[in-house]
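Note sheet for the following structure.
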Amino acid sequence: MKKTLVVMVAVCAVLAFVGGAYAQEATYIGNKQCKICHSKAEEGEQWTKWKASPHAKALEALATPEAKALADKAKLDKPAAEAPQCLKCHVTAFDEKTGAPTAPLLKEDGVQCEMCHGPASLHVADGKKFKSGDKTVNMAAHIKPTPDEAVCKGCHNEQSATWKADRYTLEGGGKAGFDFKQAAAKLAHPNPTKKK
Ligand code: HEC
Ligand code: HEC
Ligand code: HEC
Ligand code: HEC
């Protein structure tokens, strides 16, 4: 019995080691990288569209008089733009331990690409290969191509300081604080050269 257990533990350790060596994890890289390859107007200029969207201004939104009033109401001991209670939804991948976005992401970039598409270091490496001529690279392999409703609802929920349960009017006339279909359409950034 004891011997079997020892063998099993040893096998698991080997499997974990092999798994770790092959399944390389993507890490956050920052949206300056995305700008290099996703700014062409003919391909849908995703970066430019994001830059003009509310998500790019999510940190600035914490410095407005409205934000100050909300912070006062919540009796925060710090200004909204420094308070974890607000930052956790107004920046990308907020890290409770440091009180900042996960390095190397910048607070100023607010809610950026990797919040929805996931950590993208491996995708950027793929993109560099692709751009240097290797068209066999599968560009969908290391990126979340279609972020779903669950990602949005991590922030678009009743914990939001500005949540309005009737912000969206649904097709049947009902109301909702968030509606994925309409919200995603407001911020759509498709690549027109790709057929769907
Ligand atoms: C070195 C170039 C390069 C960089 C940097 C890059 N990408 Fe891409 N990306 C591509 C190429 C090429 C494609 C395939 C063509 C397309 O779908 O636009 C692609 C596709 C995508 C897709 C669509 C995948 C699919 O199959 O529908 C997403 C989403 C994406 N990139 C997100 C990002 C994000 C987020 C960043 C920044 C963290 C980024 N990319 C950085 C080159 C790059
Ligand atoms: C659970 C996530 C979440 C938390 C926590 C949160 N926010 Fe927000 N905030 C949002 C979302 C999502 C929006 C977009 C509107 C909505 O659905 O509430 C938003 C919008 C705002 C706006 C409006 C921006 C504009 O352009 O009109 C302000 C101001 C704001 N938040 C301030 C704060 C402050 C101050 C705090 C901390 C006391 C805070 N938020 C905490 C998610 C959050
Ligand atoms: C990390 C938190 C976070 C995530 C995840 C997130 N958002 Fe937001 N969103 C915000 C914040 C904060 C604001 C307000 C920013 C401002 O006004 O400057 C906002 C604003 C918006 C707005 C404008 C306000 C409104 O409701 O009309 C839309 C539309 C929106 N987000 C759609 C989405 C969609 C669609 C997704 C998922 C694909 C998503 N968001 C994911 C935090 C988030
Ligand atoms: C609030 C969440 C959110 C943010 C932030 C965001 N995206 Fe997206 N992105 C989406 C959604 C949702 C789709 C549509 C997926 C689908 O086709 O269903 C998408 C699609 C894409 C596509 C595929 C377009 C196509 O037609 O194939 C690319 C490329 C892309 N995003 C790049 C970016 C880049 C680069 C950034 C930052 C500059 C960014 N996205 C920021 C949610 C987001």
Side-chain angles (χ1 to χ4, degrees), residues 26-40 42-64 66-67 70 80-81 86-95 101-102 104-105 107-157 159-169 176-196:
T27 53
Y28 290 106
I29 192 155
N31 70 341
K32 279 195 186 70
Q33 292 289 325
C34 321
K35 187 181 182 181
I36 298 170
C37 297
H38 292 288
S39 299
K40 290 201 195 85
E42 61 277 21
E43 289 174 9
E45 51 187 6
Q46 288 81 17
W47 196 88
T48 320
K49 283 191 179 139
W50 165 80
K51 190 65 184 166
S53 78
H55 286 147
K57 303 179 184 83
L59 184 69
E60 288 163 42
L62 293 181
T64 58
E66 185 191 359
L70 290 165
C86 309
L87 283 174
K88 64 178 183 182
C89 296
H90 282 252
V91 301
T92 304
F94 182 71
D95 181 349
T102 302
L105 304 181
K107 209 171 154 180
E108 296 71 43
D109 288 333
V111 180
Q112 54 108 327
C113 322
E114 289 167 289
M115 188 69 230
C116 296
H117 293 291
S121 60
L122 297 180
H123 171 77
V124 168
D126 288 348
K128 285 181 181 157
K129 274 192 223 150
F130 189 89
K131 270 184 89 176
S132 63
D134 181 356
K135 304 298 175 199
T136 64
V137 181
N138 172 7
M139 287 311 300
H142 294 120
I143 194 86
K144 207 189 310 171
T146 54
D148 60 9
E149 187 163 3
V151 174
C152 318
K153 287 191 164 170
C155 303
H156 287 266
N157 61 50
Q159 305 292 313
S160 167
T162 51
W163 184 251
K164 282 197 208 82
D166 61 355
R167 190 181 292 271
Y168 286 86
T169 303
F178 185 72
D179 179 54
F180 177 68
K181 224 173 109 196
Q182 292 178 53
K186 281 192 204 177
L187 305 182
H189 45 276
N191 179 344
T193 68
K194 282 166 75 180
K195 31 184 187 318
K196 283 270 155 80

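Note that ligands are numbered from 1 as they come in the structure, with each ligand's atoms numbered from 1 the same way. All residue numbers refer to positions in the sequence shown, counting from 1. The basis for the numbers below is simple: all heavy atoms, side chains too, and nothing from hydrogens, waters or symmetry mates.
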**Request:** List every atom of ligand 1 that sits less than 4.0 Å from any heavy atom of F130, numbering the atoms from 1 in the order shown and giving each element.
**Result:** 12 (C)

**Asked** Do the numbers put K153 on top of the ring of F178, so that NZ or CZ is under 6.0 Å from the six-membered ring centre and no more than 45° off the axis?
**Response** no

**Request:** Considering the heavy atoms of A140, write down every atom of ligand 1 situated less than 4.0 Å from one of them.
**Result:** 26 (O)

**Prompt:** K131 heavy atoms, cut-off 4.0 Å: which ligand 1 atoms fall inside?
**Reply:** 1 (C), 2 (C)

**Fill in**
min-distance N/O/S atom, H123 vs atom 8 (Fe) of ligand 1, resolves to NE2

**Message:** Below 4.0 angstrom, counting only protein heavy atoms, does anything approach atom 14 (C) of ligand 3?
**Reply:** no

**Request:** Kindly assign one of parallel, tilted or perpendicular to the pair H38 and H123, based on the angle between their ring planes and the thresholds 30° and 60°.
**Result:** parallel

**Item:** Pairwise distance CD(E45) to NZ(K35) - rounded to 0.5 angstrom
**Value:** 12.5 Å

**Asked** With a 4.5 Å limit on heavy-atom distance, are the side chains of E66 and T162 in contact?
**Response** yes

**Request:** With the side chain counted from C-beta on, respond yes when K128 and Q33 share a heavy-atom pair under 4.5 Å apart, and no when they do not.
**Result:** yes

**Request:** Taking only heavy atoms of H90 into account, list the atoms of ligand 3 that are under 4.0 Å away from them.
**Result:** 12 (C)

**Item:** The one among Q33, H142, H189 that brings a heavy atom closest to atom 5 (C) of ligand 1
**Value:** Q33

**Request:** Indicate yes or no for a side-chain donor-acceptor contact from W50 to the backbone of V111 under 3.5 Å, with no hydrogens or angles considered.
**Result:** yes

**Request:** Please confirm whether the backbone N or O of F130 pairs with a side-chain atom of K135, one donor and one acceptor, at under 3.5 Å?
**Result:** yes

**Request:** Start with the C-alpha distance between V151 and K144, add both sets of side-chain angles, then the distance that settles side-chain contact (heavy atoms from CB on, under 4.5 Å), and finish with yes or no.
**Result:** CA-CA 11 Å; V151 174; K144 207 189 310 171; 3.5 Å; yes

**Fill in**
Atoms of ligand 4 under 4.0 Å from any heavy atom of Q112, numbered from 1 in the order shown, are 5 (C)

**Fill in**
Counting heavy atoms under 4.0 Å, the part of W47 that contacts ligand 4 is both

**Message:** So for P147, does at least one of its heavy atoms come nearer than 4.0 angstrom to any atom of ligand 3?
**Reply:** no

**Prompt:** Strictly under 2.8 Å, is any N, O or S atom of C37 next to atom 8 (Fe) of ligand 1?
**Reply:** no

**Expected output: side-chain S53 to main-chain L187 donor-acceptor under 3.5 Å** = no

**Item:** 4.5 Å side-chain heavy-atom contact, L59 and L87
**Value:** yes

**Message:** If we ignore hydrogens and angles and just use 3.5 Å, is the side chain of Q46 paired with the main-chain N or O of H189 as donor and acceptor?
**Reply:** yes

**Message:** For ligand 1, which is the ligand I care about here, please tell me if H38 has any N or O atom under 3.5 Å from one of the ligand's N or O atoms.
**Reply:** yes

**Request:** Could you tell me if any non-hydrogen atom of G154 lies under 4.0 Å from any atom of ligand 3?
**Result:** no

**Item:** Under 4.0 Å to a heavy atom of V151 - the qualifying atoms of ligand 3, by number
**Value:** 5 (C)

**Asked** Looking only at atom types and distance, does a side-chain atom of T92 sit under 3.5 Å from a main-chain N or O of Q112, one as donor and one as acceptor?
**Response** yes

**Prompt:** Looking at H117 and P145, what are the two nearest heavy atoms and their distance?
**Reply:** CE1-O, 3.9 Å

**Asked** Backbone or side chain, does any N or O of Y168 fall under 3.5 Å from an N or O of ligand 3?
**Response** yes

**Prompt:** What atoms in ligand 1 come closer than 4.0 Å to a heavy atom of N191?
**Reply:** 16 (C), 18 (O)

**Message:** Quick one about T27 and S121 (side-chain donor to acceptor, distance below 3.5 Å, no hydrogens or angles considered), yes or no?
**Reply:** yes

**Request:** Can you check the number of protein N/O/S atoms within less than 2.8 Å of atom 8 (Fe) of ligand 3?
**Result:** 2

**Message:** Would I36 count as a contact residue for ligand 1, given that I'm defining contact as a non-hydrogen atom of the residue lying under 4.0 Å from a ligand atom?
**Reply:** no

**Asked** Is the backbone N or O of N157 less than 3.5 Å from a side-chain atom of S160, with the two atoms forming a donor-acceptor pair by type?
**Response** no

**Asked** Is a side-chain donor or acceptor of K129 paired with a backbone partner of V124 at a separation under 3.5 angstrom?
**Response** no

**Prompt:** Taking the side chain from E114 and the backbone from I29, do they hold a donor-acceptor pair closer than 3.5 Å?
**Reply:** yes

**Item:** Flag: protein heavy atom within less than 4.0 Å of atom 24 (C) of ligand 3
**Value:** no

**Prompt:** Is it the side chain (CB and beyond), the backbone, both or neither of E43 that lies under 4.0 Å from ligand 1, heavy atoms counted?
**Reply:** neither

**Asked** Are any of the N/O atoms in H117 less than 3.5 Å from those in ligand 4?
**Response** yes

**Prompt:** More than 12 heavy atoms of other residues, nucleotides or ligands under 6.0 Å from NZ of K181: is that the case?
**Reply:** no

**Message:** Using a 4.0 Å cutoff against the non-hydrogen atoms of C113, which atoms of ligand 1 qualify?
**Reply:** 35 (C)

**Request:** Can you sort out which atoms of ligand 3 are near M115, meaning under 4.0 Å from one of its heavy atoms?
**Result:** 1 (C), 5 (C)

**Asked** Looking only at side chains, do Q182 and D179 share a donor and an acceptor under 3.5 Å apart?
**Response** yes

**Message:** So for ligand 3, is K186 a polar contact partner (N or O within less than 3.5 Å, distance only)?
**Reply:** yes

**Close-contact set for ligand 4 against C116 heavy atoms, below 4.0 Å** = 1 (C), 2 (C), 3 (C), 4 (C), 5 (C), 42 (C), 43 (C)

**Prompt:** Can you tell me which residue and heavy atom of the protein come closest to atom 42 (C) of ligand 3, and the distance to 0.1 Å?
**Reply:** C89 O, 3.6 Å

**Message:** Would A184 count as a contact residue for ligand 4, given that I'm defining contact as a non-hydrogen atom of the residue lying under 4.0 Å from a ligand atom?
**Reply:** no

**Prompt:** Which bit of A120 is near ligand 1, meaning a heavy atom under 4.0 Å away: side chain, backbone, both or neither?
**Reply:** side chain

**Asked** For K194, is at least one N or O under 3.5 Å away from an N or O on ligand 4?
**Response** yes

**Message:** Taking 4.0 Å as the limit for heavy-atom contacts, which would you say applies to P145 with ligand 4: side chain only, backbone only, both, or neither?
**Reply:** backbone

**Asked** Does ligand 4 have an atom under 4.0 Å from some heavy atom of P192?
**Response** no

**Fill in**
C34 heavy atoms within 4.0 Å reach ligand 4 at atoms 35 (C)

**Request:** For R167, counting its heavy atoms only, list the atoms of ligand 3 lying under 4.0 Å from any of them.
**Result:** 26 (O)

**For the student: nearest non-hydrogen atoms of F180 and D148, plus distance** = CE1-C, 3.9 Å

**Message:** Please list, in number order, the atoms of ligand 3 under 4.0 Å from a heavy atom of K57.
**Reply:** 18 (O)

**Message:** If you apply the rule side-chain contact (heavy atoms from CB on, under 4.5 Å), what do you find for K131 with C37, and how did you get there?
**Reply:** CA-CA 9 Å; K131 270 184 89 176; C37 297; 3.6 Å; yes

**Fill in**
In terms of heavy-atom contacts, V91 and K107 come closest through CG1-O, 3.8 Å

